[in-house]
Each structure stands twice: as C-alpha cells, then as structure tokens.
Number of protein chains: 2
Amino acid sequence: MGVTKTEIFTAEQNRIADLGKAFAHPARVAILQMLISRKACVCGDLVGELSLAQATVSQHLKELKRIGIIQGEINPPRVCYCINPSVWEEARQAFGTMLDSFISITCCP
Amino acid sequence: MGVTKTEIFTAEQNRIADLGKAFAHPARVAILQMLISRKACVCGDLVGELSLAQATVSQHLKELKRIGIIQGEINPPRVCYCINPSVWEEARQAFGTMLDSFISITCCP
DNA sequence: AATATATATCGCAATATTACGATACATATT
DNA sequence: AATATGTATCGTAATATTGCGATATATATT
C-alpha cells in the first residue's frame, strides 16, 4: 500500500532512517554544507546559491528542521538557521557506530 | 514537477545523497545491520526476520545493490548477499568527512 | 521429466516526495 | 498607514517510493 511500516522496526532503526533522510537529497546535502561553512545563514542566501525556487528551499529547510538537524531562530522577516549541535552529534555517533561496525569479511567475490 | 534536479548539484553532493538513501529507510538499515552481523546472508533469511513480504525485501536489496553498498553472488536458487567493502569505505569516508567538518559554533539559541 | 525451493520481476494501488507559482504573514521602512 | 522585504504556507502537478500478490526464473532433488 505504500506506507512505510515503521512499527516493525526498532526505534534506533527508525531514527537512523530519519537522520539518513537529511542526507538523502542533494539539495539538503548542499544546504547542510552551506550551514557548516558559514556557521549561520538565512533562507535567502541559500536560494541565491541553489538553483531552486524559494518555496522549494523553504520546504527542504522544514524537513531538516523536522528531523531536528538544523534549528532556526524566527525573527521575521528573517530567520537565522544553523546546525543543531546535539542532533548533529547524534548523527555523527549513529552513523559512526554503524559504519565502523563492519569488519571487512566478504563472502561474495 | 517533482523531479529531483540532480544537474544543479555537484557529483559529490549527488553521491552523498545516493549513499544517504541506503540509510534512509528502516528496512534497509535493518538489512545492512543483518549483513554486518552475519558476514553473509541470503534473501530468505532476511525475509524471515523482517515482517515484510519477500517481494518487498527483494526490492530493498535491489536498491542497495543499485547504490553499490551491497553485492550479490547469484547462484540460483540462492543468492549470497554481503556488504561491498569498497563502497562501504566510501560511505564511511564521505559521511565521516562531512560529519566531522562541523565545528560547533551556533548562532541560534 | 516432474517437483520443490529460493529469489527476481511484473503489475498494481496507496502514499510520499519534489518542485514551483501564488499568496499569506510578520516586521522594517518610509 | 502604505510599502518593501524576506520567509512560510497553500495548492497543485509530476514523479518516486513502498508494499504486496502473482508470476517468472533458475537450479536442486526426486
């Protein structure tokens, strides 16, 4: 039926999948890289550098905010977005642990 | 229009996004964890532990194979799946570099 | 050769994602 | 108060993903 069956997975697996979504679209990767390199940003700056409509960029920012990996201080008409350090650290731990847990023993040539 | 505009992003950003997709669904996270812990596996074993239909599991395996993060030796009626060490290392580098590049300086409270 | 076994693929339905123009909203500026 | 500015949200269209039953495929077993 097309609905992800989150209930059959562990909370950890669902969380990793959600954090993974932050990196699973090139626009979001680009946004995160920009936030990292500039320390702080507003949506407008990002729109100028991404060849995407303002509404589209805003939507990606909303998704990143939902995941929790970025945070924004609403200060209309501007918003200051930046990486959420604790969630970023959570992602670093989660992916680090998972990616480091593989010890290269292949059975398939 | 709903089509991801891959052409406006760098090859690196698109690749990270693709690797991110491997981790962006709990079923694929679960599959990767199983392949890591058992060193080798076949689809049937996975179907038994995931409450998903065989066709669905096969589809997730196909996606992981497309990304390149797993490899399979086709040996009908069985297939031996395992992690692709070089692509896994690529993911480790890519995510490691990106996740380590953030130095915690927040501007937003 | 018929059957059993294990996996892949097809076809479909439901839902999610991506993208964007238009518009709403909230503050600054005049 | 009217206008300008920057961002969010709405509505909509197109495409992608998720899931599964049915079926195809390829070998092993009888």
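Each chain gets a letter, A, B and so on, in the order the sequences are listed, and its residues count up from 1.
- Side chain B:Gln54 to base C:dA8: a donor-acceptor pair is found below 3.5 Å.
- Of the two residues contacting DNA chain D, namely B:Ser51 and A:Cys43, the nearest-nucleotide position lying further toward the 5' end is that of A:Cys43.
- Of the candidates D:dT18, C:dT18, D:dA8, the closest approach to any side-chain atom of B:Arg28 belongs to D:dT18.
- At the phosphate of C:dT17, OP1 or OP2 sits under 4.0 Å from a side-chain N or O atom of A:Lys21.
- Between B:Ser58 and the phosphate of C:dT7, there is no side-chain N or O to OP1/OP2 separation shorter than 4.0 Å.
- Residue contacts for B:Gln59: at a heavy-atom cut-off of 4.0 Å it reaches a base atom on one of the strands shown.
- For A:Leu46 and D:dT7, the CG to P distance is 9 Å, given to the nearest whole Å.
- Protein atom CG of B:Leu50 is 13 Å distant from nucleotide atom P of C:dT7, rounded to whole Å.
- Counting non-hydrogen atoms under 4.0 angstrom, A:Ala55 reaches a base of the nucleic acid.
- Contact check, A:His60 against C:dT17: no side-chain N or O comes under 4.0 Å of OP1 or OP2.
- Surrounding NZ of B:Lys62 are at most 12 heavy atoms belonging to other residues, nucleotides or ligands under 6.0 Å away.
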Next on the checklist: Would A:Arg15 and A:Glu12 count as a salt bridge (Lys or Arg N to Asp or Glu O under 4.0 Å) here? Give the steps.
Outcome noted: CA-CA 5 Å; A:Arg15 182 57 178 158; A:Glu12 191 207 11; over 6 Å; no

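- At whole-Å resolution of the value, CG in A:Leu61 and C1' in C:dT17 are 16 Å apart.
- Between B:Lys62 and C:dT7 there is no side-chain polar atom (N or O) within less than 4.0 angstrom of OP1 or OP2.
- Counting only heavy atoms from C-beta outward, the side chains of A:Phe102 and B:Leu32 never approach each other to under 4.5 Å.
- Along DNA chain C, the nucleotide closest to A:His25 and the one closest to A:Pro77 are compared, and the more 5′ of them pairs with A:His25.
- A continuous path of Ile, Leu, Val, Met, Phe, Trp and Tyr side chains, each step under 4.5 Å between heavy atoms, connects A:Val87 with A:Ile70, placing both in one hydrophobic cluster.
- Taking 4.0 angstrom as the limit, B:Arg78 places none of its side-chain polar atoms (N or O) nearer than this to OP1 or OP2 of D:dA26.
- Checking the phosphate oxygens (OP1, OP2) of D:dC20, a side-chain nitrogen or oxygen of B:Thr56 falls inside 4.0 Å.
- Rounded to a whole Å, the CD atom of B:Glu63 is 15 Å from the P atom of C:dT17.
- Remark: A:Tyr81 is not in phosphate contact with D:dG6, judged by side-chain N or O atoms under 4.0 Å from OP1 or OP2.
- Across all strands, A:Val47 comes closer than 4.0 Å to no nucleic acid atom at all (heavy-atom distances).
- Nearest approach of A:Phe95 to A:Ile16, heavy atoms of both residues: CZ-O, 4.1 Å.
- C:dA6 atom P lies 18 Å from atom CD of B:Glu73, rounded to whole Å.
- If you find the closest nucleotide of DNA chain D to A:Val42 and to A:Lys5, the one lying nearer the 5' end belongs to A:Val42.
- Atom-to-atom, CZ of B:Phe9 to P of C:dA19 comes out at 6 Å; the value is rounded to the nearest Å.
- Contact detail for B:Ile8 and A:Ser51: the closest heavy-atom pair is CD1-O, 3.5 Å.
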